[in-house]
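A quick write-up on the structure given underneath.
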Amino acid sequence: PLGLPLQDQRVSSLFLGTDGLDIKIPEYRFRHGSYGIPEFGTKFVRQMLDDTKPARFSDLVRISGFSHGENVWINNAQEFIRSGTATMKEAISTRDDIMNYLIHKGVPHKTSFKIMESVRKGKGVSEDDALVMKQNQVPDWYVESCRRIQYMFPKAHAVAYVMMSYRIAYYKVYHPEAFYAVYFTTKIADFDAETILKGIQAVTAKLDLIEAKGKNATKKEEDEVSVLEVAYEMYARGFEFASARIGISDATRFQCWEGKVLLPFMALSGVGENAAKGLAEESLKRPFLSIDDLRKRARLNQTAVEALQIHGVLSGLPESDQLTLF
């Protein structure tokens, strides 16, 4: 039920802080535990978590409504909550809130529905409707809030999103290796293996470098930030990566392997999807005899081969099938 408190304290703590993560390093630089959780991992929504301090599942649903609407949070609900004019429960989050609230205040059902439809389409509140609202003791701030809204999310969508997010948060707490493997699989295009495999200090250095660039950071660097943040968190929890391994790694999916997160071949810069799939498929048929054998069977170009060599994937393989007698 939407009104019940968040029952699992370790999972719910991710939406308030990092208590559920069991951080292993001193002076951890993040104060949120929601990195990598859909709907709650962005900087925009993390600020909402700070402002609202959710304690119930219904609070998370309201945050989802705030984040998906237009002019629902910024210059609207955020302002009223911060000033103390409205509480988290009172602020308008989804389109359903308006109709239900107005009916509760005594506004006729049909009028309540009409006002909701007008507001959620960004058409605001007419003078006649505003008069009806005031006659039913609807506060002025509520009318003003309705007038500022440009688009609103339906509550059913918000509930579905939060249910998904809460389930994923559960895996982040109780099955961390699996969580990180799946997360990085979805972000493989932005995974900087060269930096991330060097460890937590290299990750934080790259984050600081991108942050220092500010608006001069490239689009690719901006996309890498969220992946670097989650990699930093993973290291801080005591988990590690394992570089790709022939005969074990998948072509495109990160995997859990010996307590670590194993890289797929495609995560290595220079190894494209077709090359990664060819390498994974051929490695399962029979062992590679040499780098030449690997190159021919998996149809790899020199760039892919060099990338595999740099990351130690080909360690122990001879260059050629030919034998040297002297």
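Ring geometry for Phe239 against Tyr180 counts as tilted: the plane angle lies between 30° and 60°, on a 0 to 90° scale.
Rounding to the nearest 0.5 Å gives a distance of 8.5 Å between CD1 of Ile92 and CZ of Phe80. One finds the CZ atom of Phe254 at 6.0 Å from the OG1 atom of Thr185 (value rounded to the nearest 0.5 Å). One distance of note links CD of Glu240 with CG of Leu262; it measures 13.0 Å at 0.5 Å rounding. To the nearest 0.5 Å, the span separating CD1 on Ile149 from NZ on Lys123 amounts to 15.5 Å. Separation of atoms CG (Asp96) and CZ (Arg120) is listed at 10.5 Å; rounding is to 0.5 Å. Note: Arg295 CZ to Leu314 CG = 9.5 Å, rounded to the nearest 0.5 Å.
Salt-bridge check for Arg10 with Asp19: failed, with every basic side-chain N at 4.0 Å or more from each acidic carboxylate O. In summary, Lys213 and Glu221 engage in a salt bridge, as defined by a charged side-chain N under 4.0 Å from a carboxylate O. Salt bridge status for Lys296 with Asp292: absent, with no side-chain N to carboxylate O gap under 4.0 Å. Salt-bridge check for Arg62 with Asp97: passed, with a basic side-chain N closer than 4.0 Å to an acidic carboxylate O. Salt bridge Arg82/Glu79: absent, no basic N to carboxylate O contact under 4.0 Å. Taking the charged nitrogens against the carboxylate oxygens, Arg147 and Glu127 do have a contact shorter than 4.0 Å, which makes a salt bridge. Using a 4.0 Å cut-off between charged side-chain N and carboxylate O, Arg237 and Asp22 make no salt bridge.
Atom CG of Asn274 is surrounded by 12 or fewer heavy atoms from other residues, nucleotides or ligands within 6.0 Å. Around the NE2 atom of His157, the shell of radius 6.0 Å holds no more than 12 heavy atoms that belong to other residues, nucleotides or ligands. Within a 6.0 Å radius of CE in Met164, more than 12 heavy atoms belonging to other residues, nucleotides or ligands are found. The local environment of CD in Gln201 is sparse, with at most 12 non-hydrogen atoms from other residues, nucleotides or ligands closer than 6.0 Å. Atom NZ of Lys105 sits in a crowded spot, with more than 12 heavy atoms from other residues, nucleotides or ligands closer than 6.0 Å. Around CZ of Phe30, the count of heavy atoms belonging to other residues, nucleotides or ligands within 6.0 Å exceeds 12.
When every heavy atom of Pro38 is checked against every heavy atom of Ser165, the shortest pair comes out as O-OG, 2.6 Å. What you find for Ala280 and Asp250 is that their closest heavy atoms are CB-C, 4.4 Å. Contact between Pro264 and Ala251 at its shortest, heavy atoms only, is CB-O, 3.5 Å. Pairing each heavy atom of Thr94 with each of Gly65, the nearest pair is CG2-CA, 3.9 Å. Closest heavy-atom contact between Ala77 and Phe66: CB-CE2, 3.6 Å.
Using a 4.5 Å heavy-atom threshold, the side chains of Leu294 and Ile246 count as touching. The shortest side-chain heavy-atom distance between Phe288 and Leu279 falls under the 4.5 Å cut-off. Contact of the Trp73 side chain with the Phe44 side chain is registered, since non-hydrogen atoms from C-beta on lie closer than 4.5 Å. The shortest distance between side-chain heavy atoms of Ser243 and His311 falls below 4.5 Å. Taking the side chain as every heavy atom from C-beta outward, Arg95 and Lys155 never approach each other to under 4.5 Å. In this structure, the side chains of Gln47 and Asp50 come closer than 4.5 Å at one or more pairs of heavy atoms. Side-chain contact between Val119 and Met152 is present, with at least one heavy-atom pair separated by less than 4.5 Å. Annotation: side chain of Val271 is not in contact with side chain of Leu300 (no heavy-atom distance under 4.5 Å).
In this structure, Tyr183 has no ring-ring contact (aromatic ring centres under 6.0 Å, His included) partners at least two apart in sequence or on a different chain. Residues satisfying the salt bridge (Lys or Arg N to Asp or Glu O under 4.0 Å) test with Lys134, not counting sequence neighbours, are none.
In this structure, His175 has its ring center at least 6.0 angstrom away from the ring center of Phe179. Ring pair Tyr170/Tyr174: centre-to-centre distance below 6.0 Å.
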What verdict does the ring pair (Phe, Tyr, Trp, His ring centres under 6.0 Å) test give for Tyr161 and Phe153, after you've listed the backbone C-alpha separation in whole Å, the side-chain angles of each residue and the deciding distance to 0.1 Å?
CA-CA 11 Å; Tyr161 280 23; Phe153 212 46; 5.5 Å; yes
Given salt bridge (Lys or Arg N to Asp or Glu O under 4.0 Å), test Arg297 with Asp293 step by step and report yes or no.
CA-CA 6 Å; Arg297 286 167 50 193; Asp293 181 41; 3.0 Å; yes
Please test Phe40 against His32 for ring pair (Phe, Tyr, Trp, His ring centres under 6.0 Å), starting from the C-alpha separation and ending with a verdict.
CA-CA 10 Å; Phe40 295 93; His32 298 94; over 10 Å; no
One pair to check against salt bridge (Lys or Arg N to Asp or Glu O under 4.0 Å): Glu144 and Arg148. What are the steps and the verdict?
CA-CA 6 Å; Glu144 176 59 26; Arg148 297 181 185 184; 3.0 Å; yes
So Asp129 and Ser126, side chain to side chain donor-acceptor pair (under 3.5 Å) or not? Walk me through it.
CA-CA 5 Å; Asp129 289 336; Ser126 68; 3.1 Å; yes
Chi angles and distances behind the ring pair (Phe, Tyr, Trp, His ring centres under 6.0 Å) call for Phe191, Phe241
CA-CA 12 Å; Phe191 190 89; Phe241 289 97; 5.6 Å; yes
Apply the test salt bridge (Lys or Arg N to Asp or Glu O under 4.0 Å) to residues Lys277 and Glu282: give CA-CA distance (whole Å), side-chain angles for both, the deciding distance (0.1 Å), then the verdict.
CA-CA 8 Å; Lys277 288 181 177 179; Glu282 287 297 322; over 6 Å; no
Salt bridge (Lys or Arg N to Asp or Glu O under 4.0 Å) between Asp59 and Lys53: does it pass, once the steps are laid out?
CA-CA 8 Å; Asp59 294 339; Lys53 296 177 176 56; over 6 Å; no
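Looking only at atom types and distance, the side chain of Glu90 has no donor-acceptor partner in the side chain of Tyr101 under 3.5 Å away.
If you chain together hydrophobic residues whose side chains sit under 4.5 Å apart, Val225 and Ile37 fall into the same group. In the hydrophobic clustering of this structure, Trp141 groups with Leu102; members are Ile, Leu, Val, Met, Phe, Trp, Tyr whose side-chain heavy atoms approach within less than 4.5 Å, directly or through other members. Grouping the Ile, Leu, Val, Met, Phe, Trp and Tyr side chains by contacts below 4.5 angstrom, directly or via other members, places Met163 with Leu14. A single hydrophobic cluster is seen to contain both Ile25 and Tyr35, as judged by linkage of ILVMFWY side chains at heavy-atom distances under 4.5 Å, directly or through other members.
Residue Lys206 forms a side-chain hydrogen bond (donor to acceptor under 3.5 Å, both in side chains) with just one option from Glu194, Glu224, Glu211, and that option is Glu224.
Note that Arg29 lies in the cation-pi zone of Tyr232, set by a 6.0 Å cut-off to the ring centre and a 45° limit from the axis.
Distance alone, capped at 3.5 Å, is enough to place a donor-acceptor pair between the Ser67 side chain and the Ile63 backbone. Between the side chain of Asn136 and the main chain of Val138, no donor-acceptor pair closer than 3.5 Å is present.
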